[in-house]
Peer 1: 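Dropping the structure in here first, questions after.
These numbers were taken from a predicted model, which means no experiment stands behind them. Below, chains carry the letters A, B, ... as their sequence lines are ordered, and counting in each starts from 1.
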Protein chains: 2
Amino acid sequence: MGRGNCQGQGWWHGKFRGCGYRLTAGREAILDILSKSEGHLSAEDIYIKVHPNYPNVGLTTIYRTLDVLSNVGLVYKLDFGDGRARYELAQGPKGAHHHHHLVCTECNKVFDYTDFIDEEVELLRETEKGLGAKYNFKITNHVLQFYGLCEKCNGRK
Amino acid sequence: MGRGNCQGQGWWHGKFRGCGYRLTAGREAILDILSKSEGHLSAEDIYIKVHPNYPNVGLTTIYRTLDVLSNVGLVYKLDFGDGRARYELAQGPKGAHHHHHLVCTECNKVFDYTDFIDEEVELLRETEKGLGAKYNFKITNHVLQFYGLCEKCNGRK
DNA sequence: CTAGTAATGGAAATGATTTTCATTAAACAA
DNA sequence: TTGTTTAATGAAAATCATTTCCATTACTAG
Ligand SMILES: [Mn+2]
Ligand SMILES: [Mn+2]
Ligand SMILES: [Zn+2]
Ligand SMILES: [Zn+2]
């Protein structure tokens, strides 16, 4: 990374710096990996991908950075029930790419899908409104995931 | 499955035995606690409640039994994102009591709700069908949870 | 450039859950 | 009832993702 140049790098600079966080090499490396990979990486996945280029970025920093990034809203922390958190970029250069997840309980592959998103979002919004009113609950987010067997694993039985 | 009930036993006796599992004191104690408590107990919660009456039932057995029970379909294993699994009876003597969850991210209380269940279930079924067809995915279950601040925690800000 | 302090990495700690293994006790046939 | 089979059990040790500690480093404003 060239020193002294704080502008014109990644598209996330503005948002990141705007929240009062320092922009370090390790953090950029992590964002870089996340933006170049197909989502759903675990902390260790990221560590393994970052390490060759930044051997001095430790796993601890990966965890800490992912925490910061998800607080800032740049990444989503996902839980597919396999005992380790997964992370994906909340938005790309073009903006948010809203999707939901289909998880294979056999091979643990995760599939993004956007079909039905509109109806889902519509119902979820309505439900949130209704529940919020009835229970005086201020809903901030939700989790909707489908689990099952992917084509490959289903055929293999 | 389904086999004659032995008299004087819990309502789960038939289902449990029908699956080829032995019915032990520890297992009955755990089912008993689950059926008498308002759901969402962690393994340790259950251990603490079972221990006074069955001091010789260890935490290991609690975990093992909960695993068996959820395989048999008698309990649901729930994950509210606080790092420990929670368990609730899948059905009472009267049958299934389908509900969804509202989780307070501040005090970690979990609220059951049945409102909107019909619309939710309808949409979920439709989505499952559509996704199953499009991705050749055999969907077996789903998770839908809302997170936010309960009345108390929201007011306290 | 320098002071102030956020960020870092490696080691140790944490904590829920699982595994190991010797022992106990359901289930069932005799 | 009694004996046989083998599932179930408890205590301790192991796992393993994530967090905490703490001494050191390095962004950044001034
Ligand atoms: Mn995704
Ligand atoms: Mn519940
Ligand atoms: Zn699969
Ligand atoms: Zn609350």
Side-chain angles (χ1 to χ4, degrees), chain A residues 1-7 9-10 13-14 16-31 40-48 50-51 53-72 75 77-87 108, chain B residues 3-6 9-10 12-14 16-31 40-48 50-51 53-72 75 77-87 108:
Chain A
M1 300 281 109
R3 301 177 55 261
N5 186 354
C6 294
Q7 298 179 19
Q9 301 268 351
H13 276 225
F16 198 62
R17 293 285 300 280
C19 291
Y21 290 102
R22 294 182 182 174
L23 194 41
T24 65
R27 285 175 177 178
E28 284 214 272
I30 292 167
L31 273 167
H40 321 135
L41 299 178
S42 68
E44 197 186 358
D45 289 338
I46 295 169
Y47 174 76
I48 289 170
V50 165
H51 197 254
N53 297 316
Y54 299 83
N56 46 348
V57 170
L59 185 54
T60 308
T61 290
I62 307 278
Y63 276 108
R64 272 186 298 224
T65 296
L66 289 169
D67 203 45
V68 166
L69 293 176
S70 82
N71 286 338
V72 169
V75 313
K77 181 178 184 179
L78 309 169
D79 175 5
F80 298 130
D82 68 339
R84 57 182 57 195
R86 308 271 165 178
Y87 302 84
N108 290 315
Chain B
R3 199 175 289 186
N5 264 28
C6 297
Q9 306 281 1
W12 55 73
H13 199 253
F16 198 63
R17 291 286 300 282
C19 291
Y21 290 102
R22 293 181 182 175
L23 194 41
T24 66
R27 285 174 175 180
E28 285 214 89
I30 292 168
L31 274 168
H40 321 135
L41 299 179
S42 68
E44 198 185 357
D45 290 339
I46 294 168
Y47 174 75
I48 288 170
V50 165
H51 197 253
N53 297 314
Y54 299 82
N56 46 347
V57 169
L59 185 54
T60 308
T61 290
I62 306 279
Y63 276 107
R64 274 187 295 225
T65 298
L66 288 169
D67 202 46
V68 166
L69 292 176
S70 82
N71 286 338
V72 168
V75 312
K77 182 178 184 178
L78 309 169
D79 175 4
F80 298 129
D82 68 338
R84 57 181 57 194
R86 307 271 165 179
Y87 303 84
N108 290 315

Peer 1: Rounded to whole Å, please give me the gap between CG in A/N56 and P in D/dT24.
Peer 2: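 Whole-Å distance recorded here is 18 Å.
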Peer 1: What does the list of N/O pairs under 3.5 Å between the protein and nucleotides 22-24 of chain C look like, with a distance for each?
Peer 2:
none

Peer 1: Is a donor-acceptor contact shorter than 3.5 angstrom present between the side chain of B/R22 and the base of C/dA27?
Peer 2: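 For B/R22, whose side chain was compared with the base of C/dA27, there is no donor-acceptor pair (under 3.5 Å).
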Peer 1: Please tell me if A/T24 has a side-chain N or O lying less than 4.0 Å from either OP1 or OP2 of C/dT8.
Peer 2: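 The answer is yes; a side-chain N or O of A/T24 sits under 4.0 Å from OP1 or OP2.
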Peer 1: How far does CD1 of B/I30 sit from CG of B/L41, to the nearest 0.5 angstrom?
Peer 2: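 Interatomic distance, B/I30 CD1 to B/L41 CG, rounded to 0.5 Å: 11.5 Å.
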Peer 1: Judged by each residue's nearest nucleotide on DNA chain D, which is more toward the 5′ side, B/P55 or B/R27?
Peer 2: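 The residue closer to the strand's 5' end, by nearest nucleotide, is B/R27.
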Peer 1: Output all residues satisfying side chain to side chain donor-acceptor pair (under 3.5 Å) with B/T60, sequence neighbours left out; order by chain, then residue number.
Peer 2: none
Peer 1: Between A/D79 (CG) and D/dA17 (C1'), how many Å, whole number?
Peer 2: 12 Å
Peer 1: For A/Y54 and C/dG10, what is the distance between atoms OH and P respectively, to the nearest whole Å?
Peer 2: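 Between P of C/dG10 and OH of A/Y54: 17 Å.
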Peer 1: Got a sec, which residues hit salt bridge (Lys or Arg N to Asp or Glu O under 4.0 Å) with B/R84, two or more places apart in sequence or on another chain?
Peer 2: B/E44
Peer 1: For a quick test of your reading: what N or O donor-acceptor pairs under 3.5 Å do the side chains of residues 62-71 of chain A make, sequence neighbours left out?
Peer 2:
{"from": "A/T65", "atom 1": "OG1", "to": "A/T61", "atom 2": "O", "distance (Å)": "2.8"}
{"from": "A/S70", "atom 1": "OG", "to": "A/D67", "atom 2": "O", "distance (Å)": "3.4"}
{"from": "A/N71", "atom 1": "ND2", "to": "A/D67", "atom 2": "O", "distance (Å)": "3.3"}

Peer 1: For B/Y47, enumerate each residue passing the ring pair (Phe, Tyr, Trp, His ring centres under 6.0 Å) test, keeping only those at least two apart in sequence or located in another chain.
Peer 2: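 So B/Y47 forms a ring pair (Phe, Tyr, Trp, His ring centres under 6.0 Å) with B/H51.
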Peer 1: Atom pairs, N/O to N/O, protein against nucleotides 16-18 of chain C, distance under 3.5 Å?
Peer 2:
{"from": "C/dA16", "atom 1": "OP1", "to": "B/R84", "atom 2": "NH2", "distance (Å)": "2.2"}
{"from": "C/dT17", "atom 1": "OP1", "to": "B/A85", "atom 2": "N", "distance (Å)": "2.7"}
{"from": "C/dT17", "atom 1": "OP2", "to": "B/Y63", "atom 2": "OH", "distance (Å)": "2.4"}
{"from": "C/dT17", "atom 1": "O5'", "to": "B/Y63", "atom 2": "OH", "distance (Å)": "3.4"}

Peer 1: Within this structure, what is the OH-to-C1' distance between B/Y47 and D/dA11, rounded to whole angstrom?
Peer 2: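 Going from OH in B/Y47 over to C1' in D/dA11 covers 10 Å.
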Peer 1: Return the 5'-most residue of the pair B/A25, B/R64 with respect to DNA chain C, ranking by each residue's nearest nucleotide.
Peer 2: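 The 5'-side residue here is B/R64.
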Peer 1: Considering residues at least two apart in sequence or located in another chain, which fulfil the salt bridge (Lys or Arg N to Asp or Glu O under 4.0 Å) criterion with A/D79?
Peer 2: none
Peer 1: Which residues pass the side chain to side chain donor-acceptor pair (under 3.5 Å) test with B/S42, sequence neighbours left out?
Peer 2: B/D45
Peer 1: Quick check: closest heavy atoms across B/A43 and B/L59, and the distance to 0.1 Å?
Peer 2: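 Closest approach of B/A43 to B/L59: O-CD1, 4.0 Å.
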Peer 1: If I take atom CG in residue B/L23 and atom P in nucleotide C/dC28, what distance separates them, rounded to the nearest angstrom?
Peer 2: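 Going from B/L23 (CG) to C/dC28 (P), I get 12 Å.
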